[in-house]
Amino acid sequence: MTEQLRAHVAEQLENARARTATLTGAVDDADLTRQHSPLMSPLVWDLAHVGNQEELWLVRDVGGREPVRRDIDELYDAFKHARRDRPALPLLGPAEARKYVATVRDKALDVLDRVRLDDGRRLVAGGFAFGMIVQHEQQHAETMLATHQLRVGPPVLDAAPPPRARTPVAGEVLVPGGPFEMGTSTEPWALDNERPAHLVDVPAFAIDAAPVTNGQYERFIADGGYDDPRWWSPCGWAHRHEAGLVAPLHWRRDGDGWAHTRFGRTVPVEPDEPVVHVCFFEAQAYAAWAGRRLPTEAEWEKAARYDPATGRSRRFPWGDDPPGPDHANLGQRHLSPAPVGAYPDGASPLGVHQLIGDVWEWTASDFRAYPGFVAFPYREYSEVFFGSDYKVLRGGSFGTDAAACRGTFRNWDYPIRRQIFSGFRCARDVRPDELG
Ligand code: AVJ
Ligand code: FE
C-alpha cells in the first residue's frame, strides 16, 4: 500500500502544480502582481503562499529540514495581512516566486521519498500533511480562478464547453426522515471540520432535484424580487441596498435578456445552467420568493450521501468511486457550470442531480464544529472560523478539483460574498402524509 500511496501523492502534487502553473502562466508579470479586486490577493501572492505552506508543513514539519526562506513566512501568513493590503507588501516577484515554489517542491518530494505515510492501515500525521497540502494548493487554484473571473482584459483561459443536458431533471425529491451518518471518521484526506462521523436525525424534507437555474432566477428578477423586502432577511435587505444588488455578479442587461462576462468573454446567460455568483442573501431571497427555503447543511449532506436501500452514507452521490468526468463537472475541465441534466451518472440514489461540481451551494447553516471536533493539524484551518459569521457551502464547483471535494467537504464564506462560484438549490418541509 505504502508505495502505491507514495506514487498517488506525487501525482496529486504534480496535478496541483500544473493547475497553478496554468493559472499563473496565462498572464504577464504586470497582471500577476496587480490586484484585480480588493477581495482577492494578487496572483503572485497565492503562488508564493502555496509554496510557503508547503515549506512549513512538508519541508520543515514533516521533513524536519532547515527553512528555505524563513524571512518570508510573515508575508505569506494569511492571518497577518488582509487581502486588500497584500499588493503593498514587499512580495517576491514572479520569477523569484516561481523559483521559490520549485525549490520547495524539490525538497518536499525528497521528504516524500523518505517518510512513512501510513502504518499499513491508516495514514500517519505526516501522510495526512501531504494530502492537506495537495488540497490547499487546489483550493488556492480555485481562488485564483475566481481572481481570473474578476480580471479585466482579453481572455487568457480556455477549456472545452461543458457537456449538454442528457436527461430531463425537474421538480423536487422527497427525502425520508430519520437518522443518517453525517461527516466522516474514515475518509483519509477529510479535513478536521468534516470529522468525526456522527448520527443526525433529519426529519423528512423535499429538495430540488437540481440547482436553481439562470432561467428560474431571471423570473425572480423580472417579478421584482430585488425590490420586495418581503423576500429578504433584514440583514439581506440592508446589504442589497448598501451594495446596490440588482442581479448576480457579472450580469448585465442585453436587450430584453441578460448577458454575463466569463473569464473575459461576454456571453448570453443560458437559461438551463445553474445560476452562479450569487450571495447567501440573494439565495435566501429567491427561496422565500419561491415559497421555499435553503436546505440545512445536514439536509444537503443527507440528500447527497444517504442510500435508502442500505441506510449507509456514501462517499459521493453516485457511490464510493472517486469522481470521474461523467459524474460531475469538477477540476476546471470546463470553465462554466453545465446545464441541468448533464450528469445523470452523478445523481444520488434518490435522484438528486449535480450535487457535486458545477456550483457551490449555499446552505442555511452557520459554520460550526461537529460534536467531537478536534482541530488538526492547526486551529487556523477551521476552528477560528466557527461561529455565526460564516455560512456553509457544499458540493464544489466547476473550479474545484476532485482532490478537494467529497460528500463530506465543507466550504464556508461570509453571506455577502459572491465572487466565489456560488449557487444554490431550495428545499422545504414536508407533511408526514406526503411520504405515503
Ligand atoms: C475553505 C475555501 C474557505 O480559501 O479561505 C486556503 C481554504 N485555507 N488557505 C479559504 C484555505 C487556507 C479556505 N476555504
Ligand atoms: Fe491558504
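What you see is a predicted model, and the numbers here were worked out from it, not measured in a lab. Counting convention: from 1, in listed order, for ligands and their atoms alike.
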* Asked: For H140, what is the atom name of its N, O or S atom nearest to the Fe ion (ligand 2)?
  -> NE2
* Aromatic ring proximity, centroids under 6.0 angstrom, Y390 and F385 -> yes
Could you pull out every N or O of ligand 1 that sits under 3.5 Å from a protein N or O, with the distance for each pair?
residue: ligand 1; atom: 9 (N); partner: H136; partner atom: NE2; Å: 3.1
residue: ligand 1; atom: 9 (N); partner: H140; partner atom: NE2; Å: 3.2

* Asked: Does Q35 reach the main-chain N or O of M40 with its side chain, forming a donor-acceptor pair under 3.5 Å?
  -> yes
* To do: Please determine if E137 and R17 form a salt bridge, counting it only when a charged side-chain N lies under 4.0 Å from a carboxylate O.
  => yes
* Is the shortest side-chain N to carboxylate O distance from D119 to R121 below 4.0 Å? -> no
* To do: Among residues two or more places apart or on two chains, list those pairs meeting salt bridge (charged side-chain N to carboxylate O under 4.0 Å, His left out) that have a residue in residues 233-243.
  => D227-R240
* Under 3.5 Å, is there a donor-acceptor pair between the side chain of D307 and the main chain of R312? -> no
* Before accepting this row, confirm whether a basic side-chain N of the pair R305/E187 lies closer than 4.0 Å to the acidic partner's carboxylate O. => no
* Nearest to the Fe ion (ligand 2), which N, O or S atom of H136 do we find? -> NE2
